[in-house]
2 protein chains.
Amino acid sequence: MSSRGRPRTFSRDEALRSAMEIFWDKGFDNTSLADLTRVMGLNPPSLYAAFGSKAKLFLEAVDLYGRTDGAGIWEFLDDAPTAREAVHDLLKRSAENFTQWAEPRGCMVVLSAPQMEGGDTAVCDGLKARRLEKQVALQSRLERGVADGDLPEGTDCDAIAAYVTSIQHGMSIHARDGASRQTLMAIADCCAAGWDAMVAGVTTKAQF
Amino acid sequence: MSSRGRPRTFSRDEALRSAMEIFWDKGFDNTSLADLTRVMGLNPPSLYAAFGSKAKLFLEAVDLYGRTDGAGIWEFLDDAPTAREAVHDLLKRSAENFTQWAEPRGCMVVLSAPQMEGGDTAVCDGLKARRLEKQVALQSRLERGVADGDLPEGTDCDAIAAYVTSIQHGMSIHARDGASRQTLMAIADCCAAGWDAMVAGVTTKAQF
DNA sequence: TAATTTATGTATTGACCGATACAAAATGGA
DNA sequence: TCCATTTTGTATCGGTCAATACATAAATTA
């Protein structure tokens, strides 16, 4: 882009990754600029020149999270042969992902800024949009299951998508509270064990 | 207690209720002392004389929440004839409770201070303890279901309690994101529809 | 070499945070 | 009436917040 001028002495990507990690751990509000400049290894003017503001840096960090640490959870969603396997895999990957390190545990998108009122609007809306995005992706996968024939006609994909994301979001709370991987796996297994009966039970339309 | 001295000009109970409402809406961090003194109708010295500190006021507010607005969710847990009805009722009451007002939506215990790192330790630990307390109560109810015979011997009550609280916590996130009561009710129905198969599936011990 | 451009480090900004100092006011008890 | 006790309102405390001013340093371009 700009070859002229003094070159920056830090890696923008590495600094962003450091910012992502501390935002994930402490949340948006509880992470101060002093925290950020310390872990990123730069001074406030460099941070603002490179990222614009604390909120913009956070949104970039969330985007990085979605492309890296948070991506694996959703990798098998479209490749799974059936909707049932896709959902069970999603929850098992969530259980693994949310407990892979001592800290931070749980999903950054769920835990890092849940307060809509009084907080930064752009930050809250950005996270909310990402949550909705994944729920829509899941719903689309369920609808494909209906098209593929592994889910019955008239399956309430909207309700089931909300149900599954609810479990997944709740797993983040449990993980932050210290739940073991085994406990989170058990939650995923509960969902899987009741799956067929659940699908049959929330099928609204009559089948022909 | 103390009859001498100038009497206070505000109701401690009413002030605490106002504090509870704004803490519930905005969370612990995003609620400032200026916010509190405004809605409570008193000055900072009166607040500190009556409640000690912002953190202690918050913990009292959470306790009030548990005794009032949050209590109805758990009212039928022990009176329900079966564990299945107890859980379904719990989730239906949650769906109603989390959407009874435009704001705040969702559970105060889940949403008002989820960040363990960087936040007030007493506040985070207090909320975490209340989440655990309810999960233990639910697990006890499930174990009673085994004793009563409406759940099979060897039912993994620990796993199912984690599964159900996970759904309930996730419903709070959905509620805060604007989900309708109908959507939350559909989540509760998903859990109910798969219940029997789920219980049978996560039964670990052999039955004699 | 001189001019331009960009990044750096230091120091600081005004605003807001949670929490108090202080004196006046209002009660009960002696 | 006078003292002890407690609450009140005003004004403010030191600290931290996110964000910048400013001068210097290091690169490219002419």
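First the proteins, then the strands, lettered A, B, ... as listed; each starts at 1. Predicted, not measured: the structure shown is a model, and the values here were computed from it.
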Inset, instruction - Report the relative orientation of the aromatic rings in B:F58 and B:F23; use parallel for angles under 30°, tilted for 30 to 60°, perpendicular for over 60°. - result: perpendicular
Inset, instruction - Could you check which residues of residues 31-40 of chain A get a heavy atom under 4.0 Å from DNA chain D? Sort them by number, please. - result: A:T31, A:S32, A:L33
Legend entry - Considering all heavy atoms, the nearest B:R176-B:D25 contact: NH1-O, 3.4 Å
Legend entry - A:N97 and A:S94: side chain donor to acceptor below 3.5 Å: no
Legend entry - Between C1' of D:dT6 and CZ of B:R8, the distance in whole Å: 10 Å
Inset, instruction - Give one of base, sugar-phosphate or nothing for A:P44, where a contact means two heavy atoms less than 4.0 Å apart. - result: base
Inset, instruction - In whole angstrom, give the distance that lies between atom CG of B:L42 and atom C1' of D:dT10. - result: 15 Å
Inset, instruction - Using side chain to side chain contact (heavy atoms under 4.5 Å, CB included) as the criterion, list what pairs up with B:Q139, not counting sequence neighbours. - result: B:E143, B:C157, B:D158, B:A161
Inset, instruction - Starting at atom CG of B:L47, determine the distance to atom P of D:dG9, rounded to an integer number of angstrom. - result: 13 Å
Legend entry - Under 3.5 Å: donor-acceptor pair, side chain of A:K128, backbone of B:D177: yes
Legend entry - Nearest-nucleotide pick for A:P45, side chain only, options being C:dT10, D:dA26, C:dT4: C:dT10
Inset, instruction - Before accepting this row, confirm whether a basic side-chain N of the pair B:D120/B:K56 lies closer than 4.0 Å to the acidic partner's carboxylate O. - result: no
Inset, instruction - Would you tell me if any nitrogen or oxygen in the side chain of B:T9 comes within less than 4.0 Å of OP1 or OP2 on D:dT8? - result: yes
Legend entry - Residue A:N43, side-chain heavy atoms: nucleotide from C:dG9, D:dT8, C:dT4 that is nearest: C:dG9
Inset, instruction - Under 4.0 Å from any atom of DNA chain C, heavy atoms only: list the residues of residues 13-26 of chain B that qualify, in numerical order. - result: none
Inset, instruction - Have a look at A:R84 and tell me which of A:D196, A:D150, A:D148 forms a salt bridge (Lys or Arg N to Asp or Glu O under 4.0 Å) with it. - result: A:D196
Legend entry - Atom CD of B:E14: over 12 foreign heavy atoms under 6.0 Å: no
Inset, instruction - Whole angstrom is fine here: how far is it from OH in A:Y48 over to P in D:dA19? - result: 3 Å
Inset, instruction - Would you state whether a donor and an acceptor, one from the side chain of B:R6 and one from the base of C:dA25, lie under 3.5 Å apart? - result: yes
Legend entry - Whole angstrom value for the distance that separates P of C:dC17 from CG of A:D29: 12 Å
Legend entry - Of the listed nucleotides D:dA18, D:dA26, C:dG9, the one nearest the side chain of A:K54: D:dA18
Legend entry - Nearest atoms (heavy-atom pairs only) where A:N30 meets A:K26: CB-O, 3.2 Å
